[in-house]
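Worksheet: the structure to be examined is printed underneath.
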Amino acid sequence: MDVETYVKGLHPLEIKLLRKYKSGNKITSSGLISELSYNLGQCNQAFSWLSAKELIEETKRVKRVEYELTGLGREYREKGTPEERIYQLIQEEGALSLPELAVKLVLEKRDVGSAFGSLSKEGLLSLNADKQVMIKDESRSEKLESRRQLLDLFGGELEGNTEQATISETELSPEQAELASSLSRKRGTGRGLFRVTEREEVTYGITAEGEKVRRLLIDRKISGEEIGVITPEVIKSGEWREKGFRGYNLNIPPLRVLLGRKNPYVEFLERLKDKLISLGFEEFDGPLLETEFWNSDALFMPQFHSARDIHDVYHIKEPTHAKEIEQPSLDQVAATHEDGWKTGSRGWRYRFDRDFTRRMILRSHGTVLSARTLPKAKIPGKYFGVVRCFRYDRVDATHLADFYQTEGIVLGEDVNLRTLLGLLKMFAEEVAGAEEVKYVPGYFPFTEPSVEVHIKHPELGWFELGGSGIFRPEVTEPLGIKVPVLAWGLGIDRMALVSMGLNDLRDLFTQDIERVRLRRRK
Amino acid sequence: MPKIEIYEEPFYRALGKKYGNEELIELLTAAKAELDEHLKDEGLLKIELNDTNRPDLWSMAGLARQLNIYLGEPITGYDFFSTKEELKDYSSRVVEVDAGLKSIRPYFAAFVARGRAIDEPQLKDLIQTQEKLCWNYGRRRSSISMGVYRADLIDFPIKYRAVDPDATSFVPLDMEKELSLRQILTEHPKGVEYGSIVADYSLFPFLEDSKGEVLSFPPIINSAHLGAVKVGDSEHLIEMTGTDMESLLHAASIVACDLADEGYEILPVKVIYPFDTPYGKEIVTPYYFQSDVTMDIDYAAKLLGEKLTVEDGVRFVLKMGSKVKVKGSALTVTPPPYRNDFLHPVDVVEEIMIGRGMDSFKPVWPEDFTVGRLSETEIYNRRIREIMVGLGYQEMIYNYLGSRRDFMERMNLNGEDIIEIANPMTENYEIVRNSQLPNLLSSESVSANGVYPHRIFEIGKIAYKDSSENYGSVTQNTLSFLIADGEAGFNDANSHLSALFFYLTREYSLQEVEDPRFINGRVGGIICNGVKLGIIGEFHPAVLDNWGIQMPCVGAEIDIDLLMGKE
């Protein structure tokens, strides 16, 4: 990384350190604490960031023992140790019994006991005949003095600044050090006047690279006092007029945000619909439950057709039948099945079953809605629907029990096979982004002629995009339409999958929230 | 759609040349067929036939015939078909139908094919033809079933009888002991598979010859003796029984033409009925029953969008295998006996399209101007979707079919308005959803590892019973949303509901309701213009527990149709 980049990304803690020390200076945490008023945590942050950037390097490492007053130590320093207080009280009030001492000094009996023991051992106090404590030797004890001196080291100019109330072993005389150690809290005992911490003090020095950065900071007048987070106060106070702004490290990974989002598959379907309306198609929709009449009879599929067996559509348990079918559609469709009615067809030549035609099923294809649209369709007219259909199929990666079908019709006096091919070409190019288009004869019970369109998709290669045809007169005429009607259906799910990087149809309808949140469309 | 397997060697021999796969795929489009797989080691082609009205293409012989004619081979007639005007000689080959069959399985067709020892691929093709015809075209044998027998062992007249299933027995194919017809239904695999076709009748169909030798128990199983055809046999009786005379005669014609193409002589059989049939009381089969179809060439030209002369029309129709006569601009087409798919002049138009070749038609852009438009519902759905996304919700999309367990049991509901499927394939798809809330909870139940909070919604359809409707049910556009979070509560959901209604310019109030899905006192009916159009509440821990959810959940469900004021 070049020096410029370092300069931009430096934190105020790093900047201040670099400005303070020249190459050759010894940099330690205690130095930073006293000279830059960093706390220990800030020292460590600055060291670790700058070492990682190799702007400073470690030059020395020493083990350091530090003493700090415990709560008890602080109390003794302020109020006096029990020994001092006993000695002083007896000096003032004369001989007192041990229980009296404990009461008057508000000390625990055992503290009084052990303090007396220690003072009498030293020959300063003794018991008289009344078992009262009395002064034996008026001269001040050396031991009391040295302990007081040690405690007082923690006061003085550091008064009130408890954070800094640590004293390094190196600052003590050997005798003091020994005393401090003996009065320190030992493992397993709660009491003690000092807390001992052992830490390694590391000394750092500025590297050559660090020196370059340091010069640049000075040249650019970057002080580390620049404004960090911009707050209402910063704006109001006007301090931004004087100070600059600290630049941020722009490449820190941002935090994840949970946002509201459309489902990518729904978005795909919305785009598809938008495309179709841009091509002049009007959207239709209808109920999920349908009659055999609209699902198949109106499409001139004979009631004995093998595709209409119980194994191919879902039947409804209750109600099993619709109350009635729209007229005159019913009579005209029935007659067309039986003998062709006025359509010029010979019909399927069987007895049309008017109970069967009312039977309720789940709609099995979108063409139902094309048929339903015919009696009220405009001429010329273009219609489409992207609708949920149901199929009696075992569910696997390529088959779903319910799924979307995209279907539609085009009505016009002059539509014909060539306009049908043109329509398919338009879908292939506009909807699927096809590179090449191929048409082959197809078969659907309700269209004649029928054409399949195969396309070469940029990612999927050759596949069948859809089926189409011109509705048979036996479909259109009983529903009141005299002009040719182009009917088409598009298989768009494979394109939907590839656009989301999926390969299993079941994933389109996944329940897993996290997978949907992370799913993207190309 | 049927898929057939054919041996390459006899197929290409019939076509007169071997084709590469690419070439074959191209050629197959003339028969609306696709090459599904080529098993090189076995020399087998798997071919899918798309036209369910062309069962004549579901055999090696039939497919080869169609392709040969398309490639220019002249159309050969078949001289063994009887017509209304002319009966062919049936010698002593007579079948008598019992009156009792009229309501069971009334129709019968048969012929004898002789003169060639059948080889392995041919026998396989014949069995495949039988399977495809009876399974696909004959609706799993219910309207057509077919049997093949060793004709040299049969004594005419054959009796097609309705018999007592308990008093009649024989040794069926693939078994060694004699079984009654009733026993066959439970003890023979074919009886188990197809028994339901006859099981409800008191008498069963039965076929025997004049000496009482059993041919078969149609439509279930042949006898082990007369009904066991082997490689090397050279004289076969082909018989079909069924419920629809036209498709039965058609199927018999297909098999007769196939065998004739393979070098057999076809000998007609006369069937005598004691009741009326669409073709009289006596009919000699194979029987030609097609009618001519007349089409004006201008009709084809208009529908195909191309100029066409009468000569063009004749040429392309012939190329597809039908004979044609011309009078002025009218073409009168005589369909071949193996086809029964000329219902309307438009069917001739397609013959011309395929005969002329798809590539000869150039696409033209549709010229009519029309206005494109989304449905009102879609427009409103998009408005709602935008607001929900703005409120921080992830949109979900679910299957519409579900299980009773999820939609009733886990929701503590009895599901009285739920629409049940009469013939579910699995218990995972046995009802149509009447609510989206179970879908949202199912999401939560599998998403405990996803970062919280979870805010999800769906816009989609539900359906439920409503006896006042013509269909006895209503399909409803619905919005539902759910928050799952350690701190999710009623107030959060209500704030979002309030924002939604504000931007949809609707007002609502909440009405206290009791609902076993929610905590009492924390669930409200959403009232808008005096109509209840939804529900909002904190899910009851008992429901959450049913789903294995350990996170508080609050949700709402709203009828979009009512919300947008749709009639």
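Predicted, not measured: the structure shown is a model, and the values here were computed from it. Throughout, a chain's letter reflects where its sequence line sits, starting with A, and its residues are numbered from 1.
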Using a 4.5 angstrom heavy-atom cutoff, name the option from [options] with the most pairs to chain A.
options: B/Tyr398, B/Phe361, B/Tyr400; answer: B/Tyr400
options: B/Asp341, B/Val446, B/Val346; answer: B/Val346
options: B/Arg455, B/Lys362, B/Glu444; answer: B/Lys362
options: B/Met388, B/Glu306, B/Gln476, B/Glu351; answer: B/Glu306
options: B/Met358, B/Glu469, B/Glu367; answer: B/Met358
options: B/Asn53, B/Val349, B/Asn50; answer: B/Asn53

Check: [Y] and [X] side chains under 4.5 Å, non-hydrogen atoms:
X: B/Val389; Y: A/Lys262; result: yes
X: A/Phe390; Y: B/Ile421; result: no
X: A/Glu282; Y: B/Val371; result: no

Exercise for the section: Using a strict cut-off of less than 4.0 Å between a Lys/Arg side-chain nitrogen and an Asp/Glu carboxylate oxygen, indicate whether A/Asp274 and B/Arg382 qualify as a salt bridge. Expected result: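 Yes, this pair counts.
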Problem - B/Asp347 and A/Arg346 ion-paired at < 4.0 Å - result: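 No salt bridge links B/Asp347 with A/Arg346.
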Select one option (side chain, backbone, both, neither) describing which atoms of [X] are under 4.5 Å from chain A's heavy atoms.
X: B/Tyr471; answer: both
X: B/Met353; answer: side chain
X: B/Val432; answer: side chain
X: B/Asn428; answer: neither
X: B/Val451; answer: both
X: B/Phe457; answer: side chain
X: B/Glu34; answer: side chain
X: B/Ser467; answer: backbone
X: B/Ser447; answer: side chain
X: B/Pro453; answer: both
X: B/Glu420; answer: both
X: B/Asn136; answer: backbone
X: B/Thr475; answer: side chain

Relative to chain B, which segment of [X] carries a heavy atom at a distance below 4.5 Å: side chain, backbone, both, or neither?
X: A/Glu452; value: side chain
X: A/Lys438; value: neither
X: A/Ile379; value: neither
X: A/Thr291; value: both

Contact winner vs chain B - [options], heavy-atom pairs under 4.5 Å:
options: A/Leu508, A/Thr343, A/Leu276, A/Leu486; result: A/Thr343
options: A/Phe384, A/Tyr383, A/Phe444, A/Trp348; result: A/Trp348
options: A/Lys317, A/Lys382, A/Glu514, A/Glu448; result: A/Glu448
options: A/Arg256, A/Glu290, A/Arg515; result: A/Glu290

Handout entry: Contacts of type ring pair (Phe, Tyr, Trp, His ring centres under 6.0 Å), residue A/His321, not counting sequence neighbours
Key =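 Checked A/His321 against ring pair (Phe, Tyr, Trp, His ring centres under 6.0 Å); zero matches.
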Practice task
Check step by step if salt bridge (charged side-chain N to carboxylate O under 4.0 Å, His left out) holds for A/Asp285 and B/Lys461.
Solution key: CA-CA 11 Å; A/Asp285 201 354; B/Lys461 289 185 186 348; 2.7 Å; yes
